Amino acid sequence: MSKQTISRRQFVAVAGATGAALALGFDTLEALTAKVAPGRPAPGGWTPNLWLTVEPDGTVTIVSAKSEMGQGVWTAMPMIVAEELDADWSTVRVVRTPTNGKYRTGTGGSTSTRTSFTPLRQAGATARAMLVAAAAARWGVPAAQCTTEPGVVVHAASNRRATYGELAALAAQQPVPAGEVPLKDPSRFRIVGRSTPRLDIPDKVHARPMFGIDVRVPNMLVASVARCPVFGGSLRSVDDAKARAVTGVRQVVKLDAIERSLPARVAVLADDTWAAMKGRDALVVSWDPGPSGSYSTAAANAGYHGRVNDDGAAGLTASQGTVRAAGAGETLVEAIYEYPLLAHAPMEPMNCTADVRTDGIEIWAPSQSPDSIRTEVAQRFRVSPDAVTVHCTFLGGGFGRRSQTDFAIEAVELSKAAGRPVQVIWSREEDIRNGFYRVDGIQRMRAVLDAGGRIVSWEDRAVGPSLEAYAFPQRDNGEGGGRGGMGGRHFDAARPPQYDIPNYRVDMVFVPSPVPIWFWRSVANSQDGYCNEAFLDECVRAAGKDPVQYRLDMLGGNRRAQAVIRLAADKAGWGSPLPKGHGRGFAYYDYDGTLVAQVVEAQVGADGKVKVSRVVCGFDCGQLVNPDTVVAQVEGAIGWALSAALYGEITVVNGAVQQSNFTDYKVVRMNEMPKVEVHLVENHEAPTGVGEPGVPAFAPALLAAIHDATGKRIRRLPIGEQLKDRAAASE
Amino acid sequence: MPSYVLTVNGTRHTVSADADSPLLWVLRDKLDLTGTKFGCGVGACAACSVHIDGDLHRSCQWTIADAAGHEISTVEGLPNTELGRRIQQAWIAEQVPQCGYCQPGQLMAAAALLTATPHPTDSDIDDGMSDNICRCATYPRIRKAIHRAAANGAGEAK
């Protein structure tokens with residue numbers, strides 16, 4: 001994602017903009033909105049730019065352009081603006097505007113703080129400078145003699161003070177400062193970097209309507225949809241007589257598949273959700289499975305093994321030096337690591353509400369990507385983007401799934417067919433079976449250790465479908481993969497090693513698949529952290545070294561990485577004795593600049609069940625914005641990764657997903673959640689991501705702990721039943 | 001369509017619905033009590049938890065015909081009791097919710113737990129709270145908030 005900057009011209013251009021109207025057009029979601037949003041200040045108020053309004057009473061309304069899905073942006077983004085504005089935080093309220101093309105609303109890849117930090121600071125600082133200029137003009141003193149306290153401009157020499165609210169109208173008449181306004185020295189931050197109660201939490205604790213599924217639009221129908229279970233299949237026939245006989249059912253609509261978006265479907269529209277669901281269940285549908293009717297993940301996995309071992313041409317390669325076989329006195333370490341398809345299963349089932357009218361299309365979506373919805377709906381339904389309004393509600397979990405647009409396109413299709421507002425509510429079964437999945441694949445890892453145990457040659461041959469080519473068809477490199485390359489922000493496993501290794505070669509072999517694949521919390525890093533770090537533990541053991549010291553030695557030039565590794569190791573008591581039967585494992589992962597070290601303590605019961613008792617995490621994401629939120633995100637990332645490591649697996653047989661609900665797509669619960677201790681590094685480096693980076697290091701640290709406890713190596717996720725017969729587990 | 005009398009948070013409602021209508025959808029669609037959440041529809045996630053005659057139940061597994069005539073409490077009724085308010089305050093103090101979607105069910109489960117066991121151990125919390133799924137994994141903070149709510153109620157026993 002490119003950097004966002006706000007030019008002076010944009011500041012001027014938006015000063016009088018009125019594009020941001022009421023955040024949401026219905027009363028039941030009042031909690032989302034404010035009576036006055038940026039662009040519509042009360043008389044005497046002022047909207048200096050896209051991001052904030054100062055009201056005459058001193059209230060500061062700040063826009064959060066990013067989707068709130070639990071990661072705390074609703075609070076963190078306004079904190080950044082308020083910091084440089086020098087606002088009184090108690091007077092700040094937050095609004096989300098409708099998606100109108102003026103904001104970059106996409107929320108994913110742990111990029112919100114990284115990309116917004118500087119532009120939001122500039123927005124706040126520029127407004128502050130104009131408030132100071134207004135005060136200086138009123139008092140006839142040089143602006144340089146004026147300072148600010150929270151919400152107040154002060155001229156100490158004459159002991160005069162004026163609140164931002166009093167100055168708002170006058171500030172609006174000040175020229176926009178030329179060039180960039182100086183920003184605060186981070187050592188003077190008083191909001192950014194201090195744990196601040198999240199502004200959305202009281203409404204969540206009071207269960208106020210705020211999610212997509214809570215939207216109520218007058219005259220709306222509810223839709224429940226039968227979806228072709230086989231990827232790429234089509235509708236053969238449907239008998240809807242019984243469905244139409246259900247009380248409350250109004251309409252049955254057949255919908256064609258949309259490539260890369262939606263399967264063939266039959267929708268039942270009714271007065272309420274239960275009637276729609278009953279109607280859907282009463283449909284007698286015959287599907288044509290189509291060309292993928294014999295696809296299975298088991299056969300695909302066997303194919304991956306063939307490709308990993310044939311050493312044929314790769315779709316993408318990154319290399320340095322020359323990889324080689326083990327020479328005299330050297331040791332070859334080799335292993336294949338495997339990973340399954342995974343579903344997101346956010347707690348709020350997929351849903352969207354749309355109202356297609358002659359004057360435009362209005363959409364209420366729990367979306368990570370309202371801009372994409374606006375653009376794609378405009379293209380698909382042949383209307384101007386300006387005729388499409390997207391209200392982004394709070395999201396009951398996102399995790400990447402809600403950066404897709406399928407659920408919104410479908411709501412528009414159905415509202416158009418019904419001629420009235422329609423809310424589509426997916427069942428959990430549809431969510432699990434008709435989703436977009438974390439990609440499956442395998443990686444063959446090879447390392448040559450010299451006599452001293454150092455890695456002198458590293459090979460990683462990854463085989464599987466390409467997410468980049470699926471998600472960005474325009475970037476298909478003609479080899480079945482994407483052109484994005486490796487390292488940094490990448491979508492396809494694998495990546496070059498994150499350590500100082502003189503010779504390496506990383507190959508990606510792309511195998512097409514009919515399974516829809518998508519971003520899943522931490523994206524390709526979830527495979528890379530697992531394969532690279534789990535295999536590194538094998539190298540460490542083969543070398544007879546200590547996992548912490550071995551990594552420190554390979555990161556000689558990276559003091560921040562070494563510091564976060566030492567932090568986690570020290571806090572965990574690395575090297576101290578553990579109770580019998582317990583094991584300890586270590587992993588480190590550089591997630592696009594966020595540095596994460598984890599120590600996992602676990603034991604394996606006689607029944608093969610893994611119990612994780614403690615996770616200690618060192619975390620360096622640069623400048624912290626809301627530290628308690630960072631801690632919460634790391635806790636959550638570890639729980640997320642634990643679910644995937646223990647249970648997460650989507651299997652496909654005859655082209656259809658076999659799992660259906662939380663009964664067979666298990667996730668961790670309270671009694672399985674370990675004690676998590678998060679230790680944040682405090683510094684003023686450029687901020688990097690928070691929501692995802694806690695995920696990748698967890699699985700390899702857990703597998704290292706299991707090896708430490710039992711001597712068994714797990715090389716296939718999920719762990720599942722692999723430890724049930726511990727004697728049979730492979731070493 | 002038959003009609004039923006439901007008592008929800010102390011208020012009587014007469015509702016027309018098919019006998020097999022799940023209480024969950026009656027609450028959400030007919031009574032506009034959207035705090036109770038749909039998560040799985042099969043009783044596996046507990047996002048839809050309510051109290052029926054004081055006991056914790058999943059509203060997706062109760063039909064309106066079953067629920068009629070019983071005292072139903074939903075998350076919207078939580079602030080009506082001292083314990084409910086204490087739990088909500090603890091939830092805010094510990095900054096529990098992330099996405100927040102499962103929290104109504106978590107809160108109702110916590111209220112049932114603390115009613116039965118005013119000072120739960122960690123093991124009691126595991127037993128009382130492990131039906132509820134949170135994909136954000138707010139479990140460590142839920143645990144802390146339950147302990148906090150229990151501590152804040154010490155000696156009051158109202």
Side-chain angles (χ1 to χ4, degrees), chain A residues 28 68-72 197-198 200-211 213-214 216 222 247 272-275 277-278 345-349 394-399 425 427-429 628-629 632-633 635-640 642-643 661-663 667-673 675-676, chain B residues 1 17-18 20-22 24-26 28-30 32-45 47 74-76 78-79 87-89 91-93 95-105 107 123 125-143:
Chain A
T28 49
E68 176 60 64
M69 47 192 167
Q71 84 284 39
R198 277 177 41 192
D200 54 335
I201 280 184
D203 282 346
K204 288 177 174 176
V205 168
H206 287 95
R208 300 212 167 96
M210 56 204 299
F211 299 100
I213 203 168
D214 301 333
R216 298 290 180 266
V222 180
T247 308
D272 59 56
T273 314
W274 181 240
M277 288 180 165
K278 270 175 82 173
M347 287 312 296
E348 181 187 16
F394 283 86
L395 285 61
F399 311 121
I425 297 180
S427 67
R428 178 60 61 192
E429 287 78 7
D628 186 57
T629 290
Q633 284 301 291
E635 291 167 354
I638 286 166
W640 175 264
L642 177 60
S643 285
N661 206 313
F662 291 122
T663 48
V667 298
V668 299
R669 296 165 183 267
M670 175 68 84
N671 59 353
E672 297 163 298
M673 187 70 191
K675 185 169 181 235
V676 178
Chain B
M1 204 178 268
D18 280 340
D20 64 354
S21 299
L24 165 67
W25 294 113
V26 173
R28 289 188 56 83
D29 286 359
K30 307 255 179 187
D32 207 25
L33 291 169
T34 55
T36 303
K37 292 297 191 250
F38 168 52
C40 71
V42 298
C45 79
T74 71
V75 69
E76 286 89 349
L78 211 52
I87 292 169
Q88 288 176 315
Q89 284 159 6
W91 243 246
I92 292 170
Q95 294 282 288
V96 172
Q98 290 186 28
C99 90
Y101 189 82
C102 74
Q103 297 299 336
L107 290 160
S123 173
I125 292 172
D126 283 346
D127 290 345
M129 300 300 296
S130 290
D131 286 344
N132 294 69
I133 292 176
C134 174
R135 282 293 271 157
C136 303
T138 59
Y139 305 121
R141 289 175 186 236
I142 292 172
R143 186 184 299 283

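These figures come from a predicted structure and were not determined experimentally. Chain letters run A, B, ... following the sequence lines, proteins first and then strands; every chain starts at 1.
Looking at A/Glu429, the atoms closer than 4.5 Å to chain B (heavy atoms on both sides) all sit in the side chain, from C-beta outward. When heavy atoms are compared at a cutoff of 4.5 Å, B/Ser21 approaches chain A by way of both its backbone and its side chain. For A/Ile213, the parts lying under 4.5 angstrom from a heavy atom of chain B are both the backbone and the side chain. Proximity to chain A is absent for every atom of B/Asp127, based on heavy atoms less than 4.5 angstrom apart. Of the two parts of A/Thr629, neither the backbone nor the side chain holds a non-hydrogen atom closer than 4.5 Å to a non-hydrogen atom of chain B. Heavy-atom distances place both the backbone and the side chain of B/Pro97 under 4.5 Å from chain A. Contacts between B/Ile125 and chain A at a heavy-atom distance below 4.5 Å involve backbone atoms as well as side-chain atoms. There is no contact between A/Lys675 and chain B, counting heavy-atom distances below 4.5 Å. For B/Ile133, the parts sitting under 4.5 Å from any heavy atom of chain A are the backbone and the side chain alike. For a residue to count as touching a neighbouring chain, one of its non-hydrogen atoms must lie under 4.5 Å from one of that chain's; by this rule A/Ile425 touches chain B with the side chain only. Using a 4.5 Å cut-off between heavy atoms, A/Ala345 touches chain B through backbone and side chain atoms alike.
With chain A as partner, the option from B/Leu33, B/Val42, B/Asp20 having the largest number of non-hydrogen pairs under 4.5 angstrom is B/Asp20. Comparing B/Ser130, B/Ala137, B/Gly35 by how many heavy-atom pairs each has under 4.5 Å with chain A, the most go to B/Ser130. Residue with the most contacts toward chain A among B/Pro22, B/Ala47, B/Cys102: B/Pro22 (heavy-atom pairs, distance under 4.5 Å). Annotation: maximal heavy-atom pairing with chain A below 4.5 Å, among B/Leu78, B/Thr138, B/Asp131, B/Thr74, occurs at B/Asp131. Comparing A/Val668, A/Asp200, A/Leu642 by how many heavy-atom pairs each has under 4.5 Å with chain B, the most go to A/Val668. Across A/Ser643, A/Gly397, A/Gly396, A/Gly398, the residue that shares the most heavy-atom pairs under 4.5 angstrom with chain B is A/Gly396. Of the listed residues (A/Lys278, A/Gln71, A/Lys204, A/Met69), the one with the most heavy-atom contacts under 4.5 Å to chain B is A/Lys204.
A search for salt bridge (Lys or Arg N to Asp or Glu O under 4.0 Å) contacts involving B/Arg141 returns A/Asp628, A/Glu635, not counting sequence neighbours. B/Arg28 pairs by the salt bridge (Lys or Arg N to Asp or Glu O under 4.0 Å) definition with A/Asp214, not counting sequence neighbours.
Here the straight-line distance linking atom CG of B/Asp126 with atom CD of A/Glu672 works out to 9.5 Å at 0.5 Å rounding. Note that CE of B/Met129 and CD1 of B/Ile142 are 5.5 Å apart. Values are rounded to the nearest 0.5 Å. Atom-to-atom distance recorded for A/Asp203:CG and A/Phe394:CZ is 7.0 Å, nearest 0.5 angstrom. The distance from the CG atom of B/Leu107 to the CD atom of B/Gln88 is 6.5 Å, given to the nearest 0.5 Å. The structure places CZ of A/Phe211 at 10.0 Å from OG1 of B/Thr34, a figure rounded to the nearest 0.5 Å. Distance NZ/B/Lys37 to CE/A/Met347: 11.5 Å, rounded to 0.5 Å.
Closest of all the heavy-atom pairs between B/Phe38 and A/Pro349 is O-CD, 3.2 Å.
The backbone N or O of A/Arg428 sits nowhere less than 3.5 Å from a side-chain atom of A/Asn661 that would complete a donor-acceptor pair.
Residues A/Gln633 and B/Gln98 meet the side-chain proximity criterion, which asks for heavy atoms closer than 4.5 Å.
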